[in-house]
Structure formats: structure tokens, C-alpha cells
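Quick note: residue numbers are just sequence positions, from 1.
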Amino acid sequence: NIGEDQLASPPAVAYSSPNTALVTLAGKVEAELAQLDDEDASAFMQDLGIAEPARDRVIAASYRMLGLISFLTAGEDEVRAWTIRAGIPAVEAAGAIHSDIQRGFIRAEIVAFDDLMTAGDMAAAKKAGTVRLEGKTYIVKDGDIIHFLFNV
């Protein structure tokens, strides 16, 4: 926990231990951020020179330490993130959703999150050639958006 005056240049911490991560944060500032709506929080962080809230950095550090990643599925009624271990092939990632999808796996239609945001929507991403079909052995990457094709 650091002071607000240290946000611009957090002190270097000389601590290392296996399976340990340190995230500096200003507790008072984070408490204030938690009370603000997104627009006000963004302006407040910009004024303080903070790129992202500490909770996001803590979550990211925790995922790295635990060897976890997230992939997304998107449908007309729902967008959902799924947490899996890093290094998992597509067929096993399908099983994180439902065992029937894993059992009947045919292939996965995949687009990277950044590519979809750049394109604007799935149709534009397909037109741009950033959507691809992958098989069972494809190793899922953090932020992949996946549509599983399966038949049970």
C-alpha cells in the first residue's frame, strides 16, 4: 500500500519469492475509485496517472501465478468468459462449457479479441480474414473468442 504521492513512480520493491507477486496500490485512492461510475473513475485515474485500477492488476497477477487464461463465447443473448488452465487444447476448452460440446467437437471458429474489436463485428472480422477454423489440438490463447462447432 503506497501513498497517493507515490503513484506516478511506485517504489522499487526488492522482494522475490517463488509463486509470489507484488502489486502496488494506493488503498485510499482505490476505495475512492470503487465509489465512482466508469466515466468519473476514468477521469480520476487519468488525473492521477493511473492506467488501470489495482483490482485489475491483482486479478491479472493472480491469473498469471495460477497459470490461468480466459476465452470468450458470444451469442445473441449472452457473452461469457470462461477460465481455463493455460496450454489447453480447444477440445478440452469446449469441455469447460459442457461435456457434450467436448464429446461432439468438430472444430472451433476463433477470432482474437483485439481483431474483433478492430473489425467491429463478426461479419467484418470474417471479411477481414481474422476469423479462422481450428481443430482439436489448437492451443487456446488468452482472449480468444470461440464458437464451437459440434454434433452430439
Check: [Y] and [X] side chains under 4.5 Å, non-hydrogen atoms:
| X | Y | answer |
| --- | --- | --- |
| Leu116 | Met122 | yes |
| Leu72 | Ile146 | no |
| Arg132 | Lys126 | no |
| Leu48 | Val29 | yes |
| Ile145 | Phe71 | no |
| Met45 | Pro53 | yes |
| His147 | Thr73 | no |

Nearest 0.5 Å, what's the [atom1]-[atom2] distance between [X] and [Y]?
| X | Y | atom1 | atom2 | value |
| --- | --- | --- | --- | --- |
| Asn1 | Gln6 | CG | CD | 9.0 Å |
| Ile106 | Phe148 | CD1 | CZ | 12.5 Å |
| Asp40 | Leu33 | CG | CG | 10.5 Å |
| Asp142 | Ile84 | CG | CD1 | 9.0 Å |
| Ile97 | Trp82 | CD1 | CH2 | 5.0 Å |
| Leu7 | Leu25 | CG | CG | 9.0 Å |

**Study point:** Working for side chain to side chain contact (heavy atoms under 4.5 Å, CB included), residues Glu134 and Arg107
**Key:** CA-CA 6 Å; Glu134 298 286 354; Arg107 64 184 161 270; over 6 Å; no
Might you point out which heavy atoms bring [X] and [Y] nearest each other, and give the distance in Å?
| X | Y | result |
| --- | --- | --- |
| Val111 | Ala125 | CG2-CB, 4.2 Å |
| Ala108 | Ala90 | CB-CB, 4.4 Å |
| Pro89 | Val140 | C-CG2, 4.2 Å |
| Ala93 | Ile88 | N-CG2, 3.6 Å |
| Ala94 | Ile101 | CB-CG2, 3.6 Å |

Check your understanding: Can you list every salt bridge (charged side-chain N to carboxylate O under 4.0 Å, His left out) pair that touches residues 42-62, not counting sequence neighbours?
Key ->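 Non-adjacent pairs meeting salt bridge (charged side-chain N to carboxylate O under 4.0 Å, His left out): zero.
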**Study point:** Stepwise side chain to side chain contact (heavy atoms under 4.5 Å, CB included) check, Asn151 with Phe105
**Key:** CA-CA 7 Å; Asn151 185 21; Phe105 183 96; over 6 Å; no
**Study point:** Hydrophobic cluster of Ile139, others only, ordered by chain and residue number, side-chain cut-off 4.5 Å
**Key:**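 Taking Ile, Leu, Val, Met, Phe, Trp and Tyr as members, Ile139 stands alone, with no cluster partners.
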**Study point:** Shared-cluster residues of Val58, by chain and number - hydrophobic side chains joined below 4.5 Å
**Key:**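 Members besides Val58, by chain and number: Val23.
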Check your understanding: Would one find more than 12 heavy atoms of other residues, nucleotides or ligands at under 6.0 Å from atom CG of Asp37?
Key ->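 Above 12, so yes.
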Determine, using the 4.5 Å side-chain heavy-atom cutoff (strictly less than), whether [X] and [Y] are members of one ILVMFWY cluster.
| X | Y | answer |
| --- | --- | --- |
| Ile69 | Val91 | yes |
| Phe44 | Ile50 | yes |
| Val131 | Leu133 | no |

When you measure from the side chain of [X] to the backbone of [Y], do you find a donor-acceptor pair of N or O atoms at a distance under 3.5 Å?
| X | Y | result |
| --- | --- | --- |
| Thr118 | Asp114 | yes |
| Thr130 | Asp115 | no |
| Asp144 | Lys141 | yes |

Review point. What's the verdict on side chain to side chain contact (heavy atoms under 4.5 Å, CB included) for Arg85 and Glu92, showing C-alpha distance, side-chain angles and the deciding distance?
Key: CA-CA 10 Å; Arg85 285 180 291 113; Glu92 288 183 41; 4.3 Å; yes
Check your understanding: Is any NZ, NE, NH1 or NH2 atom of the basic residue among Lys28 and Glu30 found under 4.0 Å from an Asp or Glu carboxylate oxygen of the other?
Key ->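 No, Lys28 and Glu30 are not salt-bridged.
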